[in-house]
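Proteins get letters first, then strands, A, B, ... in listed order; numbering begins at 1 in each. Below, each value reflects all heavy atoms present in this structure, side chains not excepted, and no hydrogens, waters or symmetry copies.
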Amino acid sequence: MASKSLIQSVKGTREFYPEEMAQRNFIYEKARQASQMFGYQEWDAPFLETIELYAAKSGEELVKEQSFVFPDRGGDLITLRPELTPSLARMIAQKQNELAFPVRWWSFGPFWRYERPQRGRTREFFQWNVDMLGVNSPEADAELVAIAATFLRLVGLTPQQAAIFVNNRRLMDAQFDALGIPPEKRLDVSNAVDRRSKMEPAKWDEYALELGLSPSQLTGLKQILADYDLWQKSDELVRLFRALEALGVKDYVQFDPNIMRGLLYYTGTVFEAFDVSGSVRRAILGGGRYDNLLRDVGGDPLSGVGFAMGDVVVGILLKEKGLIPPFVPSPAPVLVTVFDDSLWMQSYALAAELRAAGMNVITYPEPAKLPKQFKFADRMGVKITLVLGPDEALAGKVTIKHLVTATQETVSRAQVVQAVQRLLHST
RNA sequence: GCGGCUGUAGCUCAAUGGCAGAGCACUUGACUGUGGAUCAAGGUGUUGUGGGUUCGAGCCCCAUCAGCCGCCCCA
């Protein structure tokens, strides 16, 4: 096996051959389109950060177990960024008095987490982040949900294929209070709710009782989690859904009391998108409102709302549903053949002329038999192939073959550019 | 970090402990001025890697690496 002698890639990293690169760019382009449709600006943060940035705010597990950390040559501990939010908080805090609020920013870049690779999870991935800071309202939350929904629509995922499930932390806290669940148990109970869909009902009941819930509290909790009209008791959610309807994305969004999200810093609206057909069980994207983000890095208190989407899960989904545009091996739709040594430079000059007219053009890199050159053109997905052979050279002409329709014509050298342009536009 | 499954041609996969296989793809030719189609001839290979058991290992055992499934966590 040839790979035996090759040095392996680092575990969990990904190699982007042109086909995979096209897929990554497709996701990037749609993320950008959705972001810009709502007026968000692209930004980015360092890929390398000190470990202190995350130690201050992120969950312990994320820093201790799931980050790539290594000493630099000076002995400082450097982290390959596992998430973007702490960097965002710092950058906002640094310019808190100069920025025009609300800040609407989006970003798409690489992140690293030292986890066990699996389907839908790698150690190196790209993540789309969208945040709005400085406005604390359900309508602002709705805008972020709408951006996520717009992305789903732009990539061709229908509401029947992918849906966004929304809940509200404050609503759930109020419900927990009503059941007499003390505030210090909220986190445990939230985690239990998060885990519920993965456990067998009987085992989950057992687990919930072990957390210290009374049987009546458990019964009450299960009633809450089955109540899909519960959102009507939350003013915030009522306003959120009203705004989603006005924004034209309500068909993608449902209330679900089972959505909690593990992250500590969410304080209000939380949401997650899933593949409804159930092929990939992981969340496509997730986010929510966070109130105290900047305070923790030394800035003035500032509320924000945002979400993040990894490229891996959505990539699997898009591939499965056949939503990735067909891959074209060459970005050039035109190939100029090279007939023989004596006509080689004339072919190159012809190619240069077409390029000067704004077209992407590849040449065959050396003289070769025409069948070989046409075969290559076919494999590259080229639409038009030009032949400048002895007959054409003598007559001052060029033969243009359209590979898609299998038709060809011979035109005078002076008319080649126009003729090729016409052909390209007609298909 | 924990538990389980898998690893054979470039790809998808077969072979009871007893001589390396199929389809697709690839190369060349039939076609010396025209791609896909057809036909013919062909490399298709240290059976992931390193040990062990055995007269003999793709198959059994151990280790290791990688991928996949679950736990944990999350995008």
Side-chain angles (χ1 to χ4, degrees), chain A residues 1-14 17 27 31 58-67 81-85 107-130 148 191 194-195 198-199 203 260-264 266 271-275 280-287 306-317 335 337-340 343 364 367-394 399-408 410:
Chain A
M1 204 177 207
S3 61
K4 186 189 72 152
S5 60
L6 296 176
I7 294 167
Q8 281 186 339
S9 57
V10 174
K11 178 174 179 168
T13 59
R14 293 148 75 207
Y17 289 84
I27 293 169
S58 303
E60 262 187 52
E61 172 135 11
L62 189 63
V63 179
K64 281 203 224 157
E65 307 287 344
Q66 299 186 347
S67 292
R81 62 180 188 182
E83 60 166 334
L84 191 63
T85 308
S107 181
F108 187 94
F111 294 84
W112 294 265
R113 286 191 193 168
Y114 196 81
E115 294 185 284
R116 180 137 186 194
Q118 269 176 49
R119 179 177 166 83
R121 189 176 70 186
T122 58
R123 287 184 172 181
E124 186 175 55
F125 57 96
F126 287 80
Q127 190 169 277
W128 176 38
N129 283 268
V130 190
N191 283 335
D194 234 6
R195 207 169 298 174
K198 291 183 183 172
M199 292 176 74
K203 288 212 165 168
M260 293 302 287
R261 296 190 58 73
L263 292 179
L264 297 172
Y266 291 120
F271 58 95
E272 278 182 340
F274 285 95
D275 171 22
V280 186
R281 301 195 63 177
R282 298 175 186 285
I284 300 169
L285 59 86
F307 69 87
M309 180 190 80
D311 71 312
V312 181
V313 170
V314 76
I316 291 171
L317 267 183
L335 178 138
T337 60
V338 175
F339 193 88
D340 60 24
L343 292 163
Y364 204 80
K369 291 177 183 174
L370 280 185
K372 197 171 178 187
Q373 300 192 47
F374 271 84
K375 196 167 227 173
F376 180 73
D378 192 49
R379 289 201 55 176
M380 287 294 110
V382 161
K383 292 199 177 94
I384 293 168
T385 301
L386 304 188
V387 178
L388 210 175
D391 299 344
E392 287 87 353
L394 206 65
T399 297
I400 304 169
K401 177 156 184 179
H402 197 233
L403 294 184
V404 182
T405 57
T407 56
Q408 72 174 45
T410 300

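- Taking the P atoms as reference points, B:rU28 lies 16 Å from B:rG43, given to the whole Å.
- A search for side chain to side chain donor-acceptor pair (under 3.5 Å) contacts involving A:Arg195 returns A:Tyr207, not counting sequence neighbours.
- Of the possible donor and acceptor atoms, none in the side chain of A:Arg113 sits under 3.5 Å from a partner among the backbone N and O of A:Gln66.
- Between A:Lys11 and A:Gln127, the residue anchored closer to the 5' end of RNA chain B is A:Lys11, taking for each the nucleotide with the nearest heavy atom.
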| Per-nucleotide protein contact string for nucleotides 31-36 of chain B (B base, S sugar-phosphate only, - none; heavy atom under 4.0 Å) | --BBBB
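- In this structure, the aromatic ring of A:Phe111 is not positioned over the six-membered ring of the base of B:rA75 within 5.5 Å between centres and 30° between planes.
- Shown here are the side-chain contact (heavy atoms from CB on, under 4.5 Å) partners of A:Phe339, two or more places apart in sequence or in another chain: A:Leu343, A:Leu370, A:Pro390.
- When rounded to the nearest whole Å, the span between CZ of A:Phe274 and P of B:rC74 equals 13 Å.
- Distance noted for atom C1' between B:rU49 and B:rC2: 25 Å (whole Å).
- For the pair A:Met380/A:Leu335, no side-chain contact is recorded, criterion being any heavy-atom separation below 4.5 Å from C-beta on.
- The closest side-chain heavy-atom distance from A:His402 to A:Ile384 is below 4.5 Å.
- Distance, A:Arg14 CZ to B:rG67 P: 13 Å, rounded to whole Å.
- The same atom, P, is picked in B:rA57 and in B:rG17; the two are 15 Å apart, to the nearest Å.
- Using P as the reference atom, B:rA9 and B:rG4 are 27 Å apart when rounded to the nearest Å.
- A distance of about 30 Å separates the P atoms of B:rG70 and B:rG10, rounded to the whole Å.
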Report all interatomic pairs (protein N or O, nucleotide N or O of nucleotides 1-7 of chain B) with separations under 3.5 Å.
from: B:rC2; atom 1: N4; to: A:Arg116; atom 2: NH1; distance (Å): 3.0

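- Note on A:Gly381: nothing from the nucleic acid sits closer than 4.0 angstrom, heavy atoms only.
- Every residue two or more places apart in sequence or in another chain was checked for a salt bridge (Lys or Arg N to Asp or Glu O under 4.0 Å) with A:Arg123, and none qualifies.
- Remark: C1' of B:rC71 and NZ of A:Lys203 are 12 Å apart, rounded to the nearest angstrom.
- Straight-line distance from the OH atom of A:Tyr266 to the C1' atom of B:rA75: 10 Å, rounded to whole Å.
- For A:Arg195 and B:rG70, the CZ to C1' distance is 14 Å, given to the nearest whole Å.
- Per the geometry, CG belonging to A:Asn129 stands 13 Å off C1' belonging to B:rC74, to the nearest Å.
- For the strand RNA chain B, secondary-structure stems (runs of at least three Watson-Crick or G-U pairs, all distances below 3.5 Å) span B:1-7 with B:65-71, B:10-13 with B:21-24, B:26-30 with B:38-42, B:48-52 with B:60-64.
- Annotation: side-chain hydrogen bond (donor to acceptor under 3.5 Å, both in side chains) contacts involving residues 385-394 of chain A, sequence neighbours excluded, comprise A:Glu392-A:Thr399.
- If you check every strand for non-hydrogen atoms under 4.0 Å, A:Thr122 touches a base.
- As rounded to the nearest Å, B:rG50 and B:rU38 have P atoms that lie 41 Å from one another.
- Going from the C1' atom of B:rG45 to that of B:rG58 covers 12 Å, rounded to whole Å.
- B:rU64 and B:rC5: their P atoms are spaced 16 Å apart (whole Å).
- Rounded to whole angstrom, the span from the CZ atom of A:Phe108 across to the P atom of B:rA75 amounts to 16 Å.
- When the side-chain contact (heavy atoms from CB on, under 4.5 Å) test is applied to A:Pro367, the partners found at least two apart in sequence or on another chain are A:Val338, A:Asp341, A:Trp344.
- A:Gln408 is linked by a side chain to side chain donor-acceptor pair (under 3.5 Å) to nothing, counting only residues two or more places apart in sequence or in another chain.
- A:Arg81 is listed as a side-chain neighbour of A:Trp112, based on a closest heavy-atom distance under 4.5 Å.
- Map A:Gly310 and A:Thr13 each onto its nearest nucleotide of RNA chain B; the residue landing nearer the 5' end is A:Thr13.
- Partners of A:Ser9 by side chain to side chain donor-acceptor pair (under 3.5 Å), not counting sequence neighbours: none found.
- A:Arg14 is linked by a side chain to side chain donor-acceptor pair (under 3.5 Å) to A:Asp311, counting only residues two or more places apart in sequence or in another chain.
- Applying the ring-ring contact (aromatic ring centres under 6.0 Å, His included) test to A:Phe111 and every residue at least two apart in sequence or in another chain returns nothing.
- Contacts of A:Ala308 with the nucleic acid, taken as non-hydrogen atoms under 4.0 Å apart, involve only primed sugar atoms and P, OP1 or OP2.
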